[in-house]
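Everything on this sheet refers to the single structure shown next.
We count ligands from 1, going down the list as the structure has it; atoms in each ligand are counted the same way. Counting begins at 1 with the first residue of the sequence.
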Amino acid sequence: MATGRREVTDAESHRVAVSGDVEVGTYLEIGGAAAQGAATPVESGSQGTTAARRATTRDCVAILDFGSQYSQLIARRVREAHVYCELFPHDVDPERLRSSNPRGYILSGGPASVYEPDAPQIPSFVLESGLPILGICYGMQLLAHQLDGAVAPSAKREYGHALLRLSDEPPPIFAGLPDSFSVWMSHGDTITRLPKGFVAAATSDNSPVAAMVDPEGRIGIQFHPEVVHTPLGRQIIQNFLYKVCGCEGNWTSGSYIDQAVDEIRTRVGDGSVICALSGGVDSAVAATLVHRAVGDQLTCIFVDNGLLRREEPERTVATFRKHLQMKLRVVDAADAFLGRLEGVIDPEEKRQIVGDEFIRVFAAEARQLGQIDFLAQGTLYPDVIESTAPETRGAARIKTHHNVGGLPKDLPFQLVEPLRYLFKDEVREVGLALDLPEEMVWRQPFPGPGLSIRVLGDVTRERLEMVRGADWVVMNEIKAAGLYRQVWQSFAVLTPLRTVGVMGDFRTYGNLVAVRIVTSDDGMTADWARVPYDLLSRISNRIVNEVAGVNRVVFDITSKPPGTIEWE
Ligand code: XMP
């Protein structure tokens, strides 16, 4: 890939970019950032050995990341084909990689050119492993370059759609595919001489060698099978996994649950575990897995901070206590949170206060439970993947450590993170397989500081009720229109503005509510959703009629960037 990593980051603000649903880890992180000189992180015990254990029971394919913006997408495609995979930096320690016991390797694309000085290389132990290798774009060029073929800048760069024409006797990677089909290209370099032992398996207008294979199962493809613009890409990835690597497709939510439960049981032994529930899917799935493994050795803590949406605390309690029969401690801490937020206008200060207060309440509750050995958290794979981009290397680890670091020193838990190898869509699948309610599994992301950052300016009980009422209408109508899962987030914001209106024969001077509905893939960039006018009209009418004190509704048509999703 010639394009670099996405430039939009949340780095400048204290907003926390999350992989999706905003979880307790985020509160802990905020608290951690506030707690200067926080506790030394506790290492997560035997977590390092789990890779080896995992390897013995399921196929694994290792993806080496050369910095492509699509690397995670490759991993998701492989998982969707029911094969477990892990993403490693291209210069990963060989022992670490071997411990995952891969059946094959995928080399991602990347922004470099193979003939640049310091261009990242394929480790020799991978090249010489005798295992199948699929090099994509830069990965293919590296294969050619390092196996004594030749790569040069092409006369014509190839970006976007291209027609791939297969050779007369297509190799297994192209089994079952038509003679020619559309693929997505994005490269400036091209193979000018095949490495020894390789044959060309496909061409395109600008790439005489658009695919190459050798008898050892080493394959290079110039295009990107992982993107949706290569419609037959999934089939190509499946062919590699099943026909070239010989994988069995044993990565399913059922097999994952069995294995995760086993691992948690072994790790926790007869220790005690706590888990903070937020009402979102990640902590819910993590807690449910731990509960399956160790039953009542798990105690869940749900902190009602007074900043949640209408009926949310009741639903969370009903699900975990009645439906799943977990030991659950509910802490009504609304007074403490709202007391500290009184008169606070600055959004970052609100975040710090909510994070800090959460830690305080959570720690106090944990202390009452006596000896606790483990803290279960819903950390996801995108949060722990080591980035290949030098500027963000190690960032994920720092985040995890912050989480623990935010807690007081006398609570030295070890972490149990049963979701740390899952993508968000896999967490949802597991959640459904665990029989969690759909509304929890598909809940839209909700920020850690809750409604405190959706009541702009001063957060009072009265204003919280107002935003709750408006939020209820938005949610209700979005669900009724069948759009709840299609949009990334949909919510109401209570502004500090008052406007003049007329209701009946009376002049009103009421509050202004903004409705924000956005589409997004990951929350990093977003666009306002083009929802039907009729829907907006119903939302507006209902809010003005049903929410006392509100007399005007506006719809936010700002994308991110330059805006953010939340208003504060
Ligand atoms: P922004 O507003 O930065 O939001 O475009 C991106 C995503 O993050 C959520 N968000 C937060 N989540 N703590 C959180 O846990 C926060 O302080 C916070 N601020 C924003 C937001 O809802 C969106 O999903």
Just heavy atoms, cut-off under 4.0 Å: does [X] contact ligand 1 by side chain, backbone, both, or neither?
X      : value
Met524 : neither
Phe446 : neither
Arg351 : side chain

Handout entry: N-O pairing of Arg420 and Asp383 below 4.0 Å
Key = no
Handout entry: Contact check: Pro445 vs ligand 1, nitrogen or oxygen atoms, below 3.5 angstrom
Key = no
Handout entry: Close N or O approach (Ile565, ligand 1; < 3.5 Å)
Key = yes
Problem - Charged tip of Arg267 within 45° of Phe374 ring normal and under 6.0 Å - result: no
Test item: side-chain donor near acceptor, [X] and [Y], under 3.5 Å:
X      : Y      : result
Arg463 : Asn511 : yes
Trp251 : Glu426 : yes
Trp488 : Asp521 : no

For [X], counting its heavy atoms only, list the atoms of ligand 1 lying under 4.0 Å from any of them.
X      : answer
Gly448 : 12 (N), 13 (N), 14 (C), 15 (O)
Trp488 : 24 (O)
Gly523 : 6 (C)

